[in-house]
Amino acid sequence: MKTRTLIALAVIAGFAATAQAGGDKTSGASDKPSSASAASAGSSASGAEKMFQALDKNRDGFLTREEVKGSPHDKDFATLDKDRDGKLSREEHAAAPEHASDKAASGASSAPSGGSKPKY
């Protein structure tokens, strides 16, 4: 029973995060992260994007060291923070080794489109 409740809550939280990201239009530097969130939260968000949304507690489009505490990124935060601004962007987060399978899956899905041309 507890497992079903937790799954239901996770699904609801995912929908709420997607709805908030898609409808959140603020001015200034945060326009870009909101747009990226809406675009990447399309029909099937990657595991990296889902994790990013779950960790981004304040929904500012970045992950702070405090937000990633207890996650796999806690120990390698400094390595992932390529621009040394003290926060992880979506791109920095997605580049983590834990998300390598997401990159492979997205590359594999685009490969057939190039190979589907008829050969004469």
Side-chain angles (χ1 to χ4, degrees):
M1 185 69 172
K2 287 184 180 182
T3 304
R4 285 184 179 178
T5 303
L6 290 174
I7 291 171
L9 289 174
V11 169
I12 291 169
F15 282 127
T18 302
Q20 182 179 7
D24 184 22
K25 299 293 179 196
T26 57
S27 63
S30 62
D31 280 345
K32 191 172 185 179
S34 295
S35 299
S37 174
S40 55
S43 60
S44 63
S46 70
E49 178 60 23
K50 289 177 185 177
M51 183 179 190
F52 187 94
Q53 290 175 359
L55 291 172
D56 187 15
K57 307 248 185 320
N58 63 359
R59 304 289 181 236
D60 66 348
F62 296 96
L63 300 178
T64 63
R65 186 176 286 279
E66 187 63 33
E67 287 174 318
V68 301
K69 279 203 191 298
S71 77
H73 306 310
D74 190 7
K75 67 183 183 319
D76 57 351
F77 186 88
T79 305
L80 294 172
D81 184 17
K82 298 294 185 196
D83 60 4
R84 305 286 186 247
D85 64 351
K87 54 190 177 184
L88 300 180
S89 65
R90 277 184 161 71
E91 294 78 19
E92 289 171 326
H93 173 260
E98 292 86 356
H99 305 300
S101 63
D102 291 344
K103 290 178 236 167
S106 66
S109 65
S110 63
S113 64
S116 62
K117 291 182 181 178
K119 296 183 181 184
Y120 296 101

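Excluded from the calculations below are hydrogen atoms, water molecules and symmetry mates; all remaining heavy atoms, backbone and side chain alike, are included. Just so you know, these numbers come straight off a predicted model, no measurement behind them.
- Of all the heavy atoms in L88 and F52, the pair that sits closest is O-CE1, 3.8 Å.
- F62 and L80 fall into different hydrophobic clusters, where Ile, Leu, Val, Met, Phe, Trp and Tyr side chains are chained together by heavy-atom contacts under 4.5 Å.
- Atom CZ of residue R65 and atom CG of residue D74 lie 7.0 Å apart, to the nearest 0.5 angstrom.
- A 4.5 Å side-chain heavy-atom check between D56 and H93 finds every atom pair outside the cut-off.
- Between the side chain of E67 and the main chain of N58, a donor-acceptor pair closer than 3.5 Å is present.
- Partners of S71 under the side chain to side chain contact (heavy atoms under 4.5 Å, CB included) rule, at least two apart in sequence or in another chain, are M51, L55, V68, H73.
- Looking at heavy atoms from C-beta onward, E92 lies in side-chain contact with D81 at the 4.5 angstrom threshold.
- The distance from the CD atom of E66 to the NZ atom of K87 is 15.5 Å, given to the nearest 0.5 Å.
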